[in-house]
Structure formats: C-alpha cells, structure tokens
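The structure appears below as structure tokens.
On a predicted model such as this, the values are computed, not experimentally measured, just so you know.
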Amino acid sequence: MQSVGALGLPKVSIGEFPFMTDYEDRVMQLYFPVLEKTQAGKEVLEELGKDPRVSALSDKMIPSGMGRTRFQIKLLALWYLRYANEHGHEEARKCLESFLNAESVPVTRVLWVIGMGASNSVTIKGHYVIRPIHEMPDSSQKERFLQNARHFSPAKAPAAECAITKDIQAKKATIPDERPEQDEAQNVREADLRMEEIAWLLNALDGVCCVPFITSGHVESNIPFGPFGGWGASGRVLDAPGMARTRLPDGSAETINELLDDYDRLDEQERTRIQRILSRLSLAKRSLLIEDKILDLGIAMEMLLLQDNANREQLALAFRLRGSWLLGSSPAERRTVYEQLKELYRYRSEVAHSGVLRKGNPAEMNKIGAQFPVYQSLAERTIRRIMKLGTPDWESLTIGAS
C-alpha cells in the first residue's frame, strides 16, 4: 500500500519493476497538478514570489549535481511541496530558509561502481564515503540500478550496488555562461579523480572486485531543487563488465585508509603502474572463464614481480623465488607460496601460448577454478606489500640479505 505524506499526497517510491516513466518523471507528474490546480499550491507559489531572496535568483543558475540548472520559481515551489509532504511544513521551511540565506550549497559528486556491494556506509580519509545503494537518495538512476540488480541477467546493463561519494561546496547562484570558480572546478576534478583511485584500490582488498562505472552528482533532497533539478551522468565503456558480486567487508575503513596512505607515498609513475595492475587484477576477479581469469591474474603478478624484466631465460624461476620470499615469513610458508606461484605461472603460460588450459580437461579446469581464490589472494597480498614497502631489491631479498 502506498504511504501518504503530511499534505495527504502519496509518497513516490522507487519501483521494483520498470515503469513507463522513471522516478523523476513520476515525482513531477504528481506535484505539478498540485501546484497548478490547488489552492495550497497557488499559495506556496504566491508566498515565494513575495520573497526578495527568491526574486534575486531570477535568471540565475543553481547547482544540480552534474552542473547547473536555470532557477525557476515553479521548480522551487514543487520542491517545497514535495519536501513538506515528506517531512512536514516546519522542516520544509527550515530547509528553504537555509538555502535562501546561503552563499554556497553542498553538492554530492558520485562514482557508481560495479562488482561490489556494501552493508553500511564507510567513511574514509578526505571525507569520502562508500555508500550502499539503499543509503543513496532516491533518483531515476538508483531506480534503474535496483531494477537491474533484482532482475539480474548477463543481457542487462551492469547493476551498481554501491557508490563512492564526496560532498563539495558550490556557489549557490551564478549568471548563465559564468565559468565555475577556479577552486570549485578544481575541487570537482580532484574529487572525481580521487574516487576513481579509491575504486581501483579496493581491488587490493581480500575478495573484493570494484570497477568504476558512472560518474554523476546530485544535491540532497533537503536542498532545492532536489529531484526537480534534473540529472546527468558520464560513463565509460567496459569491454568486460563481468558478473562479479562481491561485498566490502564491514570495518574496512582502517585498511582502506592504509592503502590510500601507501598509494599517496608513491610517485606519479608508480601510481600509474599500480592502477594498471589493479585494473588487471579486477579483470581477473570478474571474468567468467577460468582461462581468462588465470591469464589476467598471471599478467598482474608478472607486472608486480618481474617489473625489471629479469633474465628472460629465468622468468619462471624469478617469478617463484621473488614471490615466495616477498610473501613467506618462514621456510615452510615460502615453500607453499613457491609451489602455488609455480602452478599459476604454468597455467598462465599454457593459456598464453596455446589458448587452452590443461588441454581442455573439464575435471582439471574445475580443480584449477576451485584453487583460483588461493592464487587471487597471492596477488592481493603482493600488491598490498609492494605498495607499503616499495619494490624490493630483489637480489638481496631472494638471498635472504634483507
């Protein structure tokens, strides 16, 4: 049964199944007749028209999340009616006063990610927040992702279950065609770049697959125009979105902050290299075929352990020795890692040179598939260790001198 708000109007909710119209359209269709045809709507519009702060916004542009939209008094009235219906007149007036008196308003930049969900929000350094989709404000975009997730199939568009967000301050009112202030534009660029870095770094966590997908933005529902301001998004073409559905472990903030600290200590060239390795690791985690998973994971590990192109005749040996001495803290542990890396390198070479794993033997391939999480864990541990300690002096490491 549809719930009713303080004004006696139904509350528009996210739809489980696709409608002929999306969420924002349904909100507009509900409230516009109220504004145009009811006494309550006309009174709200008349009262707003008498406020000089509202008049001062005429022909100005106000933030909408991904840009700016032209101020229209009717949209402000629509926002007020909806917020009053959802939260009562008193709260709506407080939010309206706060907006009209402000010089700047918070805008939320959003990077939707695929492959990963979360149970609760996680706040990390720099005031970035990893938010599960159920904690994101209602929007057409959120509705579409939830519908894709509920009716998941490979033929559908990827379903984001999580987003990385960052609030920045934006000038409340600008004239049309006015360029954003330099600090504001710089804050947007830095936030977007940082959110993408965070998304890739999450792949270094145990069992987590995270892929940056769509960048968007919004103002929260308590700030005009809320869902009446329109929305925009920019995305990327994913050659292999995959079907990974991993979860961010609860209590991950400290580990993520450590990863960010380690990443920030790297120079620009090394950060670029690490991002490329994480991208390849992410691809291995989300690929469907075990041959692709082994090939991509093997490439990621070679980028980590064979960066200096060690003697090409001894690549396999260097791969095993370096990884075992980097990850093993005892002779027994080094022996175990050595054997695991030996297997991974052999399987990777089979796929790279013949295109076939274990001659296509189903039982052997199933066995390797079951062992894949062990190989994946080696890659996760290796990238975390190299990020923290830097690339070792491999010769000193493998003779036990460091």
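A salt bridge links Glu339 to Arg335: one of the charged nitrogens lies within less than 4.0 Å of a carboxylate oxygen. Classification of Glu268 and Arg271 as a salt-bridged pair fails, no side-chain N sitting under 4.0 Å from a carboxylate O. In this structure, Glu143 pairs ionically with Arg26, as a charged nitrogen and a carboxylate oxygen lie closer than 4.0 Å. Arg384 and Asp206 are joined by a salt bridge, as a carboxylate oxygen and a charged side-chain nitrogen come within less than 4.0 angstrom of each other. Comment: Arg194 engages Glu197 in a salt bridge, judged by a side-chain N to carboxylate O separation of less than 4.0 angstrom. By the 4.0 Å N-to-carboxylate-O rule, Glu36 lies close enough to Lys74 to be salt-bridged with it. Comment: Arg322 engages Asp308 in a salt bridge, judged by a side-chain N to carboxylate O separation of less than 4.0 angstrom.
Other residues, nucleotides and ligands contribute only 12 or fewer heavy atoms inside 6.0 Å of the CZ atom of Arg276. Residue Glu190 qualifies as enclosed at atom CD: its count of foreign heavy atoms under 6.0 Å is above 12. Applying the 6.0 Å contact sphere to NZ of Lys60 captures more than 12 heavy atoms from other residues, nucleotides or ligands. Within a 6.0 Å sphere centred on NE2 of His127, heavy atoms belonging to other residues, nucleotides or ligands number 12 at most.
For Ala84, the side chain to side chain contact (heavy atoms under 4.5 Å, CB included) partners are Leu7, Tyr80, His89, Ala92, not counting sequence neighbours. Every side chain to side chain contact (heavy atoms under 4.5 Å, CB included) that Arg265 has, sequence neighbours left out, goes to Asp261, Asp262. Met61 meets the side chain to side chain contact (heavy atoms under 4.5 Å, CB included) test with Arg68, Arg70, Thr174, Pro176; sequence neighbours excluded.
By the 4.5 Å heavy-atom criterion applied to side chains, Ile14 and Tyr23 are counted as neighbours.
Checking Ser377 against Arg381 by side-chain atom types alone, no donor-acceptor pair falls below 3.5 Å. Arg144 and Gln141 form no side-chain donor-acceptor contact under 3.5 Å, judged by distance and modelled atom types alone.
To the nearest 0.5 Å, atom NZ of residue Lys142 and atom CG of residue Asp22 are 14.5 Å apart.
Each of His353, Glu343, Glu291, Glu302 was compared with Arg348 under the side chain to side chain donor-acceptor pair (under 3.5 Å) criterion, and only Glu302 meets it.
A tilted orientation is assigned to the rings of Tyr83 and His87, their planes being inclined by 30° to 60°. Taking the six-membered ring where tryptophan is involved, the planes of Phe319 and Tyr345 are tilted, since the angle between them lies from 30° to 60°.
Proximity of a side-chain donor or acceptor of Arg109 to a complementary backbone N or O of Gly65 within less than 3.5 Å is detected. Using a distance-only test at 3.5 Å, with no hydrogens or angles considered, no donor-acceptor pair links the side chain of Asn257 to the main chain of Ile124. Distance alone, capped at 3.5 Å, is enough to place a donor-acceptor pair between the Ser287 side chain and the Leu283 backbone. In terms of modelled atom types and a separation under 3.5 Å, the side chain of Thr246 and the main chain of Gly115 share a donor-acceptor contact. Side chain of Glu350 to main chain of Arg358: a donor-acceptor pair is present (N/O by atom type, distance under 3.5 Å, no hydrogens or angles). Checked by atom type and distance alone, the side chain of Lys172 pairs as donor or acceptor with a backbone atom of Ala102 at under 3.5 Å.
Ala204 and Ile383 make their closest contact through CB-CG2, 3.7 Å (heavy atoms, listed as atom of the first residue, atom of the second, distance).
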(request) Show your reasoning for whether side-chain contact (heavy atoms from CB on, under 4.5 Å) applies to Trp79 and Phe99. (result) CA-CA 12 Å; Trp79 167 84; Phe99 171 76; over 6 Å; no

